[in-house]
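Since the structure comes first, as structure tokens, the remarks are kept for the end.
Chain A is the first sequence line, chain B the second, and so forth, proteins listed ahead of strands; every chain is numbered from 1. We use all heavy atoms of the structure for the numbers below, so side chains are in, but hydrogens, waters and symmetry mates are not.
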There are 2 protein chains.
Amino acid sequence: MKEHAVTIYDISKQAGVSIATVSRVLNGSDNVSEATRQKVLKAMEESGYTPNAFARGLGLNTMKTIGIMAADSSDPYLAKGIYFLEQLLRGEGYDCLLCCTGYSLKNRIASMELLITKKVDGIILVGSNFVYEDDADNKYILDAAAQVPVMLLNAALDAPNVYSITSDDYTSMYNAANMLISEGITDILYFFNSRSYSGRRKEAGFRDAMKAAGLSTGDGTLQFYRGNREDVPAMADLLEHVWDQGHHFEAVLASDDTLAISALKFAVRKGIKVPEELSVIGYNNSMLTACVTPELSSIDNRQETLCQHLTATLMGVLGGNEMPKQTVFAGELIRRGTTR
Amino acid sequence: MKEHAVTIYDISKQAGVSIATVSRVLNGSDNVSEATRQKVLKAMEESGYTPNAFARGLGLNTMKTIGIMAADSSDPYLAKGIYFLEQLLRGEGYDCLLCCTGYSLKNRIASMELLITKKVDGIILVGSNFVYEDDADNKYILDAAAQVPVMLLNAALDAPNVYSITSDDYTSMYNAANMLISEGITDILYFFNSRSYSGRRKEAGFRDAMKAAGLSTGDGTLQFYRGNREDVPAMADLLEHVWDQGHHFEAVLASDDTLAISALKFAVRKGIKVPEELSVIGYNNSMLTACVTPELSSIDNRQETLCQHLTATLMGVLGGNEMPKQTVFAGELIRRGTTR
DNA sequence: CTTGTTTGTGAAACCGCTTACATAATTTCT
DNA sequence: AGAAATTATGTAAGCGGTTTCACAAACAAG
């Protein structure tokens, strides 16, 4: 199959120069006379030469690869982030090694070690499920950061060589709740899934908005869904159960578009009119918002912008520059058909 | 940042053996006495040694990496495939280098070359957008296959060192159309997007089923949507336009769940009852099916099974075994709320 | 026409690990 | 007990590049 590969040595012979010279034109480095450069390039062309990436990596101590970790690359929101990052990094000449860890700490640690072993130039953690606020579990991130820069997308952690790019989930949620309240809606159900970094921020935003309005956030106004995120019907069941228990909420504020979609499903099932009798607001402004009727109002956390800044920051760090450790972007509620 | 890394040489000194011996325990190879093995392992443990992947790659000529190419990793269906593959390959000790090419041939070629340059052990093309039946564009795949095994998921190409794992799209679509016809539905709109390998197979299945029933597949029964797949509203507009032209179809057979979702959106907009007045069938049985009400009937092409077989086949090929060049799995229509 | 700089090139060391081959130590067999 | 076979370990030659350093050629200045 693999015929004996042509090496830099073959080129050097063919072009009648030393391997050092070949290496020089390869790296576009300093001083090579135009004549020799052409000779070498011609030899490369003719023999279809491709430098051996491993040898190169060994010498340069990098293979221009970034590790991307996500819990689940098929989650519509995470998938989008991965896609943006991949495109941006490719634009910078980097490739992406993808690691899906699921939601287990053990997998996170293993994947992180693996990426370090493979000598990636940097590691990006996509999604806040990696970072827990008051949790010693974050140690593995610090360990990794001792080796390569670690970028956090939608999570924040103050540690050396760790850079965080986040959207202001707290404020977004606060404002969304506030908006509902200002419309006279007081019985708001906060429907959430993840107790991760951003999950907690969102929750805090909701609670504070309610508190500021003198409303309760006691039993029933918070529902936590544990289970497979894709299981929309099961999530709808949960809401139906709550409703049937007698808690007839006027709005669902979801920490996630998928959860919001399930609220819509629940509403259709019970014949509850959206948005007249029930407002629903999702989070992430993912493609799912367009899949339902009426279309889902959702909080846009400007993922593409976050990814752009993350990439720029990472490139800066790799270039040896001082870079901001934390960057926060404001989110924005996109109003569509599920709010009045 | 990166303190001088500890190498095999340091370990050899610390354990009082030669580097060859260290390398041996590293690779779990042949004959190392238990005593020495322990000494070495201890030294490694103590100094936190990690073998240099580049040097390893240079020596072994592999870094246990598989390249995955997809048009768009954020497409819900492709994302799912990528996820399955990543998990399966990780289980086999391989990592995944992800390349999103968009829908341009130029990008496909560039990504392919890049993966070859990075010396992946194999390349997987996810989705049929890579392969066109009667198209010279496939040349780049053959070139790549001269270097490493190329696996096609949901596409087929008969060439050396190229392996195809596909679902039987032709038959699935034939059967789906047939089922609608048997229910007395004769005006079926085939709504599709891609003219790729599987796209053509699906179309052929639809046409043949119609022909077999003596129905026409002329103007109006085939609608091709060109544009951003995520733009559900725009796709719905197209259908609305067709409808308003006077073509009141009774069913939409979509080549894709996203297209089917847009048909549902169109139906709601026009007040057409699904499934009473309009049947809708999607393709891929993706998570989107659960997001709408009624839930979308869709053709399941058993993606997970395909991925499992693809991975197994690839591992076989890499292990030097003779493996089947083409594997086809039957699909299955999952009936939900959008069909009677 | 020297002398002092550039500029272009080659020789060789090195990156960290694998492995063929040689050798030493041990065991097995007659 | 000595030869043969086996097992354990070390030496050194790659793998295919990069890069330091030395040196020769070309050019500028005195």
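- Of the listed residues (B/Leu152, B/Val148, B/Ile68, B/Val162), just one forms a side-chain contact (heavy atoms from CB on, under 4.5 Å) with B/Ile123, and that residue is B/Val148.
- Side-chain N/O atoms of A/Arg37 and base N/O atoms of C/dG8 include no donor-acceptor pair closer than 3.5 Å.
- Between the CG atom of A/Asn61 and the P atom of D/dG17 there is a distance of 17 Å, given to the nearest Å.
- Across the protein-nucleic acid pair, B/Met63 atom CE and C/dT18 atom C1' stand 16 Å apart, rounded to whole Å.
- Between B/Cys96 and B/Leu85 there is no side-chain heavy-atom pair separated by less than 4.5 Å.
- Between B/Asn154 and B/Tyr77, the side chains place a donor N or O and an acceptor N or O closer than 3.5 Å (distance only, hydrogens not considered).
- One finds the OG1 atom of B/Thr50 at 11.0 Å from the CG atom of A/Leu114 (value rounded to the nearest 0.5 Å).
- Contact check, B/Thr21 against D/dG10: a side-chain N or O comes under 4.0 Å of OP1 or OP2.
- Counting heavy atoms from C-beta outward, A/Ile82 and B/Ser74 have side chains that stay 4.5 Å or more apart.
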Check nucleotides 14-17 of chain C for protein N or O atoms closer than 3.5 Å to its own N or O atoms and list the pairs.
| from | atom 1 | to | atom 2 | distance (Å) |
| --- | --- | --- | --- | --- |
| C/dC17 | OP1 | B/Tyr49 | OH | 2.4 |
| C/dC17 | OP1 | B/Asn52 | N | 3.1 |
| C/dC17 | OP2 | B/Ile8 | N | 2.3 |

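- By the salt bridge (charged side-chain N to carboxylate O under 4.0 Å, His left out) test, A/Lys325 pairs with no residue at all, sequence neighbours left out.
- Counting any heavy atom pair closer than 4.0 Å across all strands shown, A/Val17 reaches sugar-phosphate atoms only and no base atom.
- Taking only side-chain nitrogens and oxygens, A/Ser33 comes nearer than 4.0 Å to OP1 or OP2 of C/dT9.
- Residue A/Glu34 contributes atom CD, which lies 16 Å from atom C1' of C/dT9 at whole-angstrom precision.
- A sub-4.0 Å separation between OP1 or OP2 of C/dG8 and a side-chain N or O of A/Thr36 is absent.
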